[in-house]
Amino acid sequence: MDSYETRITRAILDAYHGKLSRALVSDVLVVGAGPSGLMAAMHLAAKGRAVTMLEKRLTPGGGIWGGAMAMNEVVVQKEALEALEGIALRPHPAGEGLFVVDALALASSLCAKALERGVVILNLLVAEDLCLQEEQVVGVVANRTGLPGHLPVDPISFRAKAVLDATGHEAALVRMLHGRGLLKDHATPLGEGPMNAPEGEAFVVDRVEEVFPGLWVSGMSVAAVFGGPRMGPIFGGMLRSGRQAADLIDLSLALDARSS
């Protein structure tokens with residue numbers, strides 16, 4: 001007869017491995033569970049897409065938790081309030097079109113809403129490589145955070161019709177392709193420019209695109225790839241960028257389905 005401790009362990013193993021098995025193949029694979037990634041994932045799921053998220057850190061939410069210099073309040077602009085509809089938050093007016101949101105409330109609400117809509121979030125998994133087939137990204141190779149480079153442990157792969165690089169300043173997936181000389185010239189990672197909050201907020205929304213067949217960018221990955229300005233502790237652009245990515249990816253998948 002199983003001990004109480006064994007039953008606890010078995011419950012965890014059964015639930016996690018079932019979730020992992022379901023996540024191996026999805027419509028969209030989002031790498032990076034920061035503000036743009038979470039927003040993209042929850043909106044894609046709301047459109048009926050099967051979405052898997054990989055997050056290398058213990059806690060999803062990216063830079064939201066720390067606010068600005070560890071002051072856990074974040075700012076969004078008036079134009080971004082629409083992106084927060086359906087999320088149980090109360091932004092407080094701060095004057096001149098700016099609103100303040102509790103950072104912990106925003107991060108936890110985004111996570112909760114994504115899960116509620118059916119997104120599978122797998123934390124402590126880091127992307128090691130991309131899967132390519134016929135010159136198109138068709139998945140991501142992932143391992144347990146902390147293993148690559150330290151222990152000779154092979155990764156596993158996740159497949160998807162579209163992959164979103166929402167890894168933020170790293171633009172990790174794009175850099176993997178760039179390192180192999182596979183990117184078109186205009187998608188060469190340039191790194192972010194100096195801070196310019198209004199231009200940076202618009203840049204990460206306007207420049208969301210498919211940088212390689214099957215691979216999209218959102219949030220600070222956009223700035224890192226195309227050399228856009230950084231914008232500091234204002235998060236409206238991140239949220240709007242994720243929503244823009246969701247709309248464009250959903251449209252692209254719909255068009256692909258019609259043409260096949």
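Not measured: the values here are computed from a predicted model. Heavy-atom basis, side chains included; hydrogens, waters and symmetry copies ignored.
Side-chain atoms of Ser241 come within 3.5 Å of backbone N or O of Gly219 as a donor-acceptor pair. Looking at Ser259, its side chain does come within 3.5 Å of a backbone N or O of Leu255 through a donor-acceptor pair. In this structure, the side chain of Thr52 engages the main chain of Ala23 through a donor-acceptor pair within 3.5 Å. Using a distance-only test at 3.5 Å, with no hydrogens or angles considered, a donor-acceptor pair links the side chain of Arg243 to the main chain of Glu82.
The only option from Val140, Val174, Val138 that meets the side-chain contact (heavy atoms from CB on, under 4.5 Å) definition with Leu130 turns out to be Val140.
In plain terms, the two heavy atoms of Ala45 and Val51 that are nearest each other are N-CG2, 3.9 Å. Between Ala246 and Leu44 the shortest heavy-atom distance is O-CD2, 3.5 Å. Ser218 and Ala245 get closest at one heavy-atom pair: CB-CB, 3.9 Å. Taking each heavy atom of Ala142 and Phe158 in turn, the nearest pair found is CB-CE1, 3.9 Å. Closest heavy-atom contact between Ala80 and Gly236: CB-CA, 3.4 Å. Residue Val205 comes nearest to Gly237 through the heavy atom pair CG2-O, 3.8 Å, listed as atom of the first residue, atom of the second, then distance.
Within the 4.5 Å cutoff, the side chain of Val208 has no heavy atoms near those of the Asp247 side chain. For the pair Ser36/Val204, no side-chain contact is recorded, criterion being any heavy-atom separation below 4.5 Å from C-beta on. You'll find the side chain of Val163 stays beyond 4.5 Å of the side chain of Trp216, heavy atoms only. Put simply, the side chain of Ile121 reaches to within 4.5 Å of the side chain of Leu38, judged on heavy atoms. Met53 has its side chain out of reach of Leu122: every pair of non-hydrogen atoms, C-beta onward, lies at least 4.5 Å apart. Taking 4.5 Å as the limit, every side-chain heavy atom of Val101 sits out of range of all side-chain heavy atoms of Glu73. Taking the side chain as every heavy atom from C-beta outward, Asn123 and Arg57 never approach each other to under 4.5 Å. Considering only heavy atoms from C-beta on, Val75 stays 4.5 Å or farther from Phe235 through its side chain.
Remark: the Ser3 side chain and the Thr6 side chain contain an N/O donor-acceptor pair separated by less than 3.5 Å. A donor and an acceptor atom, one from each side chain of Asn143 and Glu128, are located under 3.5 Å apart.
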Query raised in the report: So Leu106 and Leu84, side-chain contact (heavy atoms from CB on, under 4.5 Å) or not? Walk me through it.
Result: CA-CA 9 Å; Leu106 176 58; Leu84 293 174; 3.8 Å; yes

Query - Pair Gln77-Phe99, side-chain contact (heavy atoms from CB on, under 4.5 Å): steps then yes or no - result: CA-CA 6 Å; Gln77 68 275 50; Phe99 293 78; over 6 Å; no

Report task. Decide yes or no on side-chain contact (heavy atoms from CB on, under 4.5 Å) for Phe212 and Val137, but give the supporting numbers first. Result -> CA-CA 7 Å; Phe212 188 86; Val137 172; 3.7 Å; yes

Requested in this report: Would you sort out whether Arg159 and Gln133 count as a side chain to side chain donor-acceptor pair (under 3.5 Å), showing the intermediate values?
Outcome: CA-CA 11 Å; Arg159 304 278 290 195; Gln133 185 175 322; 3.0 Å; yes

Query raised in the report: For Arg180 and Asp129, what are the C-alpha separation, side-chain angles and deciding distance, and is it a salt bridge (charged side-chain N to carboxylate O under 4.0 Å, His left out)?
Result: CA-CA 11 Å; Arg180 291 187 167 92; Asp129 207 348; 3.0 Å; yes

Query raised in the report: Between Met231 and Met238, does a side-chain contact (heavy atoms from CB on, under 4.5 Å) hold up when you go through it step by step?
Result: CA-CA 10 Å; Met231 67 289 293; Met238 300 294 99; 4.0 Å; yes

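Ionic pairing of Glu170 and Lys56 is present here: one or more N-O contacts between side-chain nitrogen and carboxylate oxygen are shorter than 4.0 angstrom. Classification of Asp2 and Arg7 as a salt-bridged pair fails, no side-chain N sitting under 4.0 Å from a carboxylate O.
Note on Tyr16 and Leu24: same hydrophobic cluster, where clusters join Ile, Leu, Val, Met, Phe, Trp and Tyr whose side-chain heavy atoms are under 4.5 Å apart, directly or indirectly.
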